[in-house]
Protein chains: 2
Amino acid sequence: MFAKACPSRHTLEHVTGRWGGLTMGVLVDGPLRFNELRRRVDGISEKMLSQTLQALERDGLVHREAQPTNPPRVDYSLTPLGRETAERLLALIHHLEARMPEVLEAQQAYDTR
Amino acid sequence: MFAKACPSRHTLEHVTGRWGGLTMGVLVDGPLRFNELRRRVDGISEKMLSQTLQALERDGLVHREAQPTNPPRVDYSLTPLGRETAERLLALIHHLEARMPEVLEAQQAYDTR
DNA sequence: CTGTATCCCGATCGATACTG
DNA sequence: CAGTATCGATCGGGATACAG
């Protein structure tokens, strides 16, 4: 599990990285287009959103569906695997948010010491 | 949940960052000393282990107990909050590892396309 | 609208040496 | 043993411009 070369570490980093989790989190509610995603993931740049989506698509967590229309329209959604993964990730996030009072208290105690 | 300024994002990054999760993962099995941790978290440097532990301790996820002996002995362990957090994180990691065949298959398909 | 390409800066991280 | 200090190299990531 903690071997350096373990291939799951790469995927784990995509999911838990700075933008991966947030991106999957907003996709849980349903498919979104590129610029909708960009607006909902607070602070992400075009470049990072593009890179994040490519990594998640390559890992089979996100499905990309491009309509050959003009102007182009591309919908991103979670695959079944992506949805299962997002659920576990959200369980972690929600747990952390629920416990933030404890965390903040611990930080206060640490800093004053 | 996805606000840029949300304080839980900082803690989330400590937990899901490159070393935070791995460090908490090895601590689930019980308390460990500094160099034991260093050996078990494959590839981590002294500096990063030190920084990681300080961040997790400040967040109230890891407990640090120093014995005033010579040579010094310091034990690191998970707090109850840290344990609950680690469980959810491990649920994510184990899920991902169990599905790695699917992930690798998706990557193959993506790359050949 | 949906991206890609380029530049560039600062943060991150590893290696090394050193201290208590 | 348990860290801290310092120095480079690397890399993530933002801004901008551009393409289909």
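A pairwise comparison of heavy atoms in B/Gly21 and B/Leu89 identifies CA-CD2, 3.4 Å as the closest pair. Between A/Arg9 and B/Leu22 the shortest heavy-atom distance is NH1-CD1, 3.2 Å.
One interatomic measurement links the two molecules: NE2 of A/His10 to P of D/dC11, which rounds to 13 Å at whole-angstrom precision.
For D/dC1, the OP1/OP2 oxygens have no side-chain nitrogen or oxygen of B/Tyr76 closer than 4.0 Å. Phosphate proximity of D/dG14 to A/Arg18: present, with a side-chain N or O under 4.0 Å from OP1 or OP2.
Applying the salt bridge (charged side-chain N to carboxylate O under 4.0 Å, His left out) definition to pairs two or more places apart or across chains, none involves residues 23-34 of chain B.
Listed by chain and number, the residues in a salt bridge (Lys or Arg N to Asp or Glu O under 4.0 Å) with B/Arg99 are A/Glu84, B/Glu102 (sequence neighbours excluded). In this structure A/Thr69 satisfies the side-chain contact (heavy atoms from CB on, under 4.5 Å) test together with A/Gln67, A/Arg73, sequence neighbours excluded. B/Gln107 pairs by the side-chain contact (heavy atoms from CB on, under 4.5 Å) definition with A/Thr11, A/Arg58, A/Asp59, B/Val103, B/Leu104, not counting sequence neighbours. A/Arg39 is linked by a side-chain contact (heavy atoms from CB on, under 4.5 Å) to A/Asn35, A/Glu36, counting only residues two or more places apart in sequence or in another chain. Take B/Arg64 and apply the side-chain hydrogen bond (donor to acceptor under 3.5 Å, both in side chains) test, not counting sequence neighbours, and it matches B/Tyr76. The side-chain contact (heavy atoms from CB on, under 4.5 Å) test applied to A/Thr85 returns A/Val15, A/Met24, A/Leu61, A/Leu81, B/Leu92, B/His95, B/Leu96, not counting sequence neighbours.
Side chain of B/Ser8 to main chain of A/Glu97: no donor-acceptor pair is present (N/O by atom type, distance under 3.5 Å, no hydrogens or angles). With hydrogens and angles ignored, the 3.5 Å screen pairs no side-chain donor or acceptor of A/Arg88 with any backbone N or O of B/Arg88. Under the 3.5 Å distance criterion, the side-chain polar atoms of B/Ser50 are left unmatched by any main-chain donor or acceptor of B/Glu46.
The outermost nucleotides of DNA chain C lying under 4.0 Å from heavy atoms of chain B, listed 5' to 3', are C/dC13 to C/dG20.
Counting heavy atoms from C-beta on, the side chains of B/Leu78 and B/Val62 come closer than 4.5 Å. Side chains of A/Trp19 and A/Gln51 form no contact here, defined as non-hydrogen atoms less than 4.5 Å apart.
With values rounded to the nearest 0.5 angstrom, A/Leu49 atom CG is found 10.0 Å from A/Gln54 atom CD.
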For nucleotides 17-20 of chain D, list the nitrogen or oxygen atoms of the protein found under 3.5 Å from its nitrogen or oxygen atoms, one pair per line.
none

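An angle of 50°, rounded to 10°, separates the two end axes of the helix from C/dC1-D/dG20 to C/dG20-D/dC1, each defined over five pairs.
Within residues 47-71 of chain A, the residues that place at least one heavy atom under 4.0 Å from DNA chain C are, in residue-number order, A/Lys47, A/Ser50, A/Gln54, A/Arg64, A/Pro71. Within residues 31-39 of chain B, the residues having any heavy atom closer than 4.0 Å to DNA chain D are, in order of number, B/Arg33, B/Phe34, B/Asn35.
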